[in-house]
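One structure below.
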Amino acid sequence: MQPDVSSVPDVSFVIAAYNAEATLDRAVASAIAQKGVSLEIIVVDDKSRDATLDVARAYPEHVVRVVALEENRGPGGARNAGLDAARGRWIAVLDADDAVFPGRVAAMIGRAEKAGAEVAVDNLQVVREDGVVEDAMFPRRYLEGLREISLATYIAGNVVFESEFNLGYLKPIFLRRFLDENRLRYDEKLRIGEDYILFAEALAMGGRCVVEPDIGYAYHIRGGSISRVLEPHHVESMRVADAKFAQTHRMDEAAQAAFARRGRSLRKAASFLAMVQHIKARSPLKAIRTALSDPAAVRHMGMPIAVRLRRVAAQFAVGAGR
C-alpha cells in the first residue's frame with residue numbers, strides 16, 4: 001500500500017541502515033507491501049560507506065523519507081533519528097537486512113487496539129544466509145500461552161545463555177504517543193542490547209504488550225552481525241545499562257527475581273567470554289585466572305569449555321618444562 005501523506009499514517013516504518021546496499025531494497029519492498037494500513041517509510045542512513053544512501057534516495061520522496069546522518073551514531077542513534085521524524089500512530093522498527101510479511105502490521109495493530117495495549121509483538125521466521133527458511137523462532141503454542149508479556153516475563157526471557165526462548169529477538173511495534181509521552185528512546189551508548197532496554201523500559205512504565213502468535217517478521221541470520229559476535233565490552237555495557245535501569249524503574253517481586261538472574265548470567269557471560277578471548281590469544285594463565293575468579297562461569301557454560309581449559313593448561317605445563 002502506498003504511504004498516505006494526507007493524514008497521520010497508521011504506522012511509521014523506521015529502517016536504520018548502515019552499509020546495507022545489498023539488502024535495503026528487500027526491507028523497503030516488504031514495508032511497501034503491507035496490507036490494510038496506511039504507512040510511511042523512513043530510512044535513516046547511518047553514515048554508510050557503501051551505496052546505501054543512493055539506494056534509499058532512488059525511491060520517490062512520497063514513498064521513502066530519507067534521513068542522512070552526518071556522523072555514525074550506531075543502531076540506537078539511527079533509530080532515534082527515525083523515531084524523531086516519525087508521524088505514524090504506531091512505530092515499527094525494521095532492520096535493513098530483514099523483511100516483514102504483508103499482513104503483519106495490520107494484525108498486530110488490530111490485536112493491540114482491541115486490548116488497549118501500547119506494545120505488540122509477533123513470531124519470527126528464521127532465514128539462513130543461504131536462503132534456507134528454518135522453523136519459526138518461537139513455537140506457536142508458547143506464544144499463544146503468553147498472550148501478554150509482563151516485565152518479569154520479558155526479563156526472564158533475556159537471561160543470557162539460560163533462557164529457553166530468547167525474547168530479546170522479538171520485534172515490537174510501539175504506540176508512538178506512548179514513546180513520546182514517556183520520553184522513551186534507544187540508549188545510544190549501547191551497540192548491542194539497545195532493543196532490550198527500550199522494551200523493558202516501556203513495560204516498566206506501564207506499557208501493556210500483547211502477543212500475536214502468527215509469523216510476521218522474517219529474521220535473516222547474517223554472519224558477522226554484532227548480535228552474533230558478542231564480546232566482553234558488549235556485556236559490560238549491558239551491565240551498566242541494567243544498573244541504570246534498576247535505579248530508574250520500580251520492579252515487582254517477580255521482575256526483581258528475574259532481574260537478579262539476568263545480572264548473574266551477565267557476570268558469568270563476561271567471565272566466559274574473557275576466558276575464550278584468552279584462549280584465542282594463547283594466554284592460558286590468564287584464562288585459568290579468570291576461571292578461578294568465577295568458577296560458576298565454567299560450570300554454567302558446560303563441560304566442553306572446562307575440558308578445553310584443562311587441555312590448554314596441560315599444553316602450557318608441557319611447554320614450560322622444556
Side-chain angles (χ1 to χ4, degrees), residues 16 18 46-47 71-80 93 95 151-152 154-163 165-170 184-204 221-251 255-302 304-306 308-309 312:
Y18 176 70
D46 196 18
K47 197 63 176 179
E71 60 181 5
N72 182 273
R73 289 171 54 180
R79 289 171 184 161
N80 283 344
V93 172
D95 288 349
L151 178 59
Y154 186 63
I155 296 175
N158 281 274
V159 176
V160 183
F161 298 147
E162 291 183 29
S163 300
F165 299 112
N166 189 340
L167 300 184
Y169 283 105
L170 292 172
L184 286 169
R185 290 295 186 268
Y186 290 95
D187 185 341
E188 299 190 20
K189 295 180 182 179
L190 290 174
R191 292 289 174 135
I192 188 169
E194 74 283 354
D195 293 312
Y196 163 78
I197 286 293
L198 179 67
F199 198 161
E201 287 185 328
L203 295 173
I221 296 176
R222 47 271 189 189
S225 166
I226 191 170
S227 64
R228 298 180 62 79
V229 186
L230 193 65
E231 297 181 1
H233 68 91
H234 293 138
V235 177
E236 180 57 30
S237 294
M238 286 191 281
R239 295 175 73 179
V240 170
D242 274 18
K244 180 180 177 182
F245 178 88
Q247 294 174 353
T248 307
H249 301 288
R250 296 181 62 181
M251 292 179 278
Q256 288 177 4
F259 187 82
R261 292 197 303 275
R262 173 176 160 85
R264 291 192 294 271
S265 77
L266 287 175
R267 187 202 73 216
K268 295 174 185 177
S271 296
F272 171 71
L273 293 171
M275 285 188 286
V276 171
Q277 283 201 339
H278 292 323
I279 292 171
K280 289 181 178 179
R282 298 187 178 182
S283 301
L285 288 181
K286 290 183 179 179
I288 293 170
R289 290 193 199 102
T290 302
L292 292 175
S293 68
D294 191 2
V298 179
R299 292 196 302 271
H300 172 67
M301 297 308 171
I305 187 64
R308 186 173 181 182
L309 277 171
V312 171

Expected output: side-chain Arg262 to main-chain Asn158 donor-acceptor under 3.5 Å: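 Between the backbone of Asn158 and the side chain of Arg262 there is a qualifying donor-acceptor contact (under 3.5 Å).
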Derivation of the side chain to side chain contact (heavy atoms under 4.5 Å, CB included) call for Arg73 and Asn80: CA-CA 9 Å; Arg73 289 171 54 180; Asn80 283 344; 4.1 Å; yes
Rounded to the nearest 0.5 Å, what's the gap from [atom1] on [X] to [atom2] on [Y]? Could you check?
X: Leu151; Y: His249; atom1: CG; atom2: NE2; value: 9.0 Å
X: Met238; Y: His233; atom1: CE; atom2: NE2; value: 10.0 Å
X: Phe259; Y: Asp242; atom1: CZ; atom2: CG; value: 4.5 Å
X: Asp195; Y: Asp187; atom1: CG; atom2: CG; value: 11.5 Å
X: Lys244; Y: Ile197; atom1: NZ; atom2: CD1; value: 9.0 Å

Shortest non-hydrogen separation from [X] to [Y] and the atoms involved:
X: Leu190; Y: Ala241; answer: CD1-CB, 3.8 Å
X: Lys47; Y: Tyr18; answer: O-CE1, 3.6 Å
X: Ala152; Y: Ala255; answer: CB-N, 3.6 Å
X: Glu194; Y: Pro75; answer: OE2-CB, 3.7 Å
X: Ala156; Y: Ala258; answer: N-CB, 3.8 Å

Should the pair Phe199 and Tyr154 be assigned to parallel (<30°), tilted (30 to 60°) or perpendicular (>60°) ring geometry?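 Ring orientation, 0 to 90° scale: tilted.
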Below 4.0 angstrom, N of the basic side chain to O of the carboxylate: do Arg79 and Asp46 qualify?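 Looking at Arg79 and Asp46, the cut-off is not met.
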Please examine the side chains of Val235 and Ile192, heavy atoms only from C-beta on, and report whether any two atoms are closer than 4.5 Å.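 Ile192 vs Val235: side chains apart.
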Please tell me if the side chains of Tyr196 and Leu167 come closer than 4.5 Å, counting only heavy atoms from C-beta onward.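 Result no, sub-4.5 Å side-chain heavy-atom pair not found.
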Going through the checks in order, is the side chain to side chain contact (heavy atoms under 4.5 Å, CB included) test met by Tyr186 and Val93? CA-CA 12 Å; Tyr186 290 95; Val93 172; 3.4 Å; yes
